[in-house]
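Below: the structure, in structure tokens.
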Protein chains: 2
Amino acid sequence: MSMAVATAAARRSEPLPDETRLMLRAAQLYYRLNLTQDQVGERLGVSRFKVGRLLDRALREAAVRIEVVHPAARLVELEDALVDRFGLAGAVVVDVPATGSVADDELLARECVAEAAAAHLASLRPVGAIGVSWGRTMLELAAHLRPGWTAATEIVQLNGATSRSAYPTRAHEIVERFGATTGAAIRLMAAPAIVGSHELRDALEADPSVGETLAAARASATAVFSMGVMGPDSVHVASGYLGDADLAALADAGAVGDVLGRFLSLEGRIALPSLDQRTIGLPLGELRAKALTVGLAAGTGRGPVALAALRAACVTVLVADESTAAWVLDHA
Amino acid sequence: MSMAVATAAARRSEPLPDETRLMLRAAQLYYRLNLTQDQVGERLGVSRFKVGRLLDRALREAAVRIEVVHPAARLVELEDALVDRFGLAGAVVVDVPATGSVADDELLARECVAEAAAAHLASLRPVGAIGVSWGRTMLELAAHLRPGWTAATEIVQLNGATSRSAYPTRAHEIVERFGATTGAAIRLMAAPAIVGSHELRDALEADPSVGETLAAARASATAVFSMGVMGPDSVHVASGYLGDADLAALADAGAVGDVLGRFLSLEGRIALPSLDQRTIGLPLGELRAKALTVGLAAGTGRGPVALAALRAACVTVLVADESTAAWVLDHA
DNA sequence: GACTGCCATGCTCATATGTGCATCAGCCTG
DNA sequence: CAGGCTGATGCACATATGAGCATGGCAGTC
């Protein structure tokens, strides 16, 4: 019953605004009783347009969840093979139906993996402090967390993320939702992911504004993160952390992708130490030391990073789609 | 990981028909990638009408679940009070937002309670044999069960239900969904809920067709059931088990509602022993003996039955809406 | 082989919903 | 206080969806 206590406590502290109450009532009336937006508007005394917008917001804020229950979702053979091969504490491999379009496959894989990860995390019930990273897959995961899925004390952002480009990292949204669903306090890392020099990195990490979060990140027993690919559609490129020169250097060094902004070679080693020293956040070695580390790999081309992360021994539970899992097992 | 094994095993035995695969792909494309039904049809090579029907089926079969996450859903104070007052193992009290219409309130209460019950059951993870009853609330509960929510060996119907009227009890649907989501075998009770005579009841219960299920019902450590009100909209009246004479006699005897077809007085005693002896299924005493009994009470007017059931000591975990819980605590 | 009832399909048309745009209130700024 | 900015509202219209009905294949029956 601790779950109920936690969510209730979290709630009591801020007694939810009228607008949100309205949104939830609208959602109930529309989705549960399937009234039309018109009818809902009549009941609540607002225009149908407003109802539409309320429902929109409910969907975006994940107050309404639409979920496809896929009876054949998990591929136990691959899960077992991964656990055996890499000595994992667990693995979740989901079957992602093909959509016919590459971009959509990517999206769908992210959704399916995120959903499975949310469910698996809930079954693991990590307590205490939980460290999280950011990125598209993490955002999706956050959206799939259910209120009260576990009772944590603190959610800590594991690596820097303040974007320098128009493309936002939305790291705070992710951390906030983890916090809101668990009743935990949150701790953001107010720093870029990658800076220009080793010295600046050290100075920032030494400053309390970043350093305290970093210390909390070190202290957390659990970490949840996604794996990024390298290349023009990488989140780090889109967010402006990596320029062409960095990308070229990484490619030369054999980097295949990143974990918490740390770019790895296929063998699971830091690909470019000079870049690593300009990266703000929990270092790979600290990640390896944690009791529970859940890594998500979703979408085409994630095979190599997943393998690298496994070889780097910084993942104890892998959540991946079928093609990624298959690639890893084929190339291990 | 036993959950994955169970669902996978359940799947492997019947490799899901093409039509169902199609339905799931359509649901993915429509709900997850929000394509229009037209676009989905184009991708899958079927007409938009067919897509509409596939989605319809997906919704009805609960392959797509639309859920309103209500951040203020649980009322912990009431839960604690119920646990203390009646010595329960647990209680779940959900806040049901008012809709403005009495009939809709009823519907919504059923939905909210069923959803909360499904979530709570999953967190309890009952194993072995699970006995279940039937009724509108149970049907709703069954629809909210997620594949792999627990790993049971057997799902047993606890009381008779073959309908004699046009209004179907849908007991088999309920039991089947419990079975399908847990990978368990199912055992139906092929008998009416209430028959005309004590002797016929005994004869039916002695017959292997009913007796074996009844023995399994006795043997199960867990029971899940809903509480019914007495009156013209009772499921037993709608299904044709109770006529006007029976209703009048029950009213005279002070019956307030039923648990597994056993009508109780407000004090928690069998209201009308002569009727009880014509009722097929697990008797109240056997229910009391179980380790875990989860009782659902949803909707207006359920207060009295809920109190009766609590006094009868046949509930260890109560799941109810706020008004029911409040009524019970006011009148205890 | 003709008949018949059944079910899946696709159609038309009414309805429900989303989008872009004009409007307007509130609020900061000079 | 004028001006202008921002965010919320409602509208007209284009589009998407659902309901009822006609069609046509198909299996079972005589």
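Residue numbers start from 1 in every chain, and the chains themselves are labelled A, B, ... in the order their sequence lines are given, proteins ahead of strands. Owing to the predicted nature of the structure, the values given are computational and were not obtained by experimental measurement.
Between B:His236 and B:Tyr241, the ring-plane angle classifies as tilted under the 30° and 60° cut-offs.
In the 5' to 3' direction, nucleotides of DNA chain C lying under 4.0 Å from heavy atoms of chain A begin and end at C:dA16 to C:dG20.
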Would A:Leu139 and A:Arg177 count as a side-chain contact (heavy atoms from CB on, under 4.5 Å) here? Give the steps. CA-CA 9 Å; A:Leu139 185 62; A:Arg177 180 143 183 104; over 6 Å; no
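The pair A:Lys50-A:Glu19 counts as a salt bridge, with a side-chain nitrogen and a carboxylate oxygen less than 4.0 angstrom apart. A salt bridge links B:Arg302 with B:Glu106: the closest approach of a Lys/Arg side-chain nitrogen to an acidic carboxylate oxygen falls below 4.0 angstrom. The existence of a salt bridge linking A:Arg32 and B:Glu111 is confirmed by a sub-4.0 Å separation between a basic side-chain nitrogen and an acidic carboxylate oxygen.
For the pair A:Asp56/A:Arg60, a side-chain contact is recorded, criterion being any heavy-atom separation below 4.5 Å from C-beta on. Looking at A:Trp134 and A:Val175, their side chains never come closer than 4.5 Å, going by heavy atoms from C-beta outward.
Inter-axis angle, ends of the helix from C:dG1-D:dC30 to C:dG30-D:dC1, five pairs per end, rounded to 10 degrees: 20°.
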Provide a list of protein-nucleic acid N or O atom pairs under 3.5 angstrom, restricted to nucleotides 14-18 of chain D.
residue : atom : partner : partner atom : Å
D:dT17  : OP1  : B:Tyr30 : OH           : 2.6
D:dT17  : OP2  : B:Gln37 : N            : 2.8
D:dG18  : OP2  : B:Gln37 : NE2          : 2.9
D:dG18  : O6   : B:Arg48 : NH2          : 3.0

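The environment of CD in B:Glu42 is sparse: at most 12 heavy-atom neighbours from other residues, nucleotides or ligands sit within 6.0 Å.
Using a 4.0 Å cut-off, no side-chain N or O of A:Ser47 falls inside it from OP1 or OP2 of D:dT9.
Judged by distance alone, the side chains of B:Thr36 and B:Asp38 never bring a donor and an acceptor atom under 3.5 Å apart.
Minimum interatomic distance between B:Gln157 and B:Met189 (heavy atoms only, all atoms of both residues): OE1-N, 3.2 Å.
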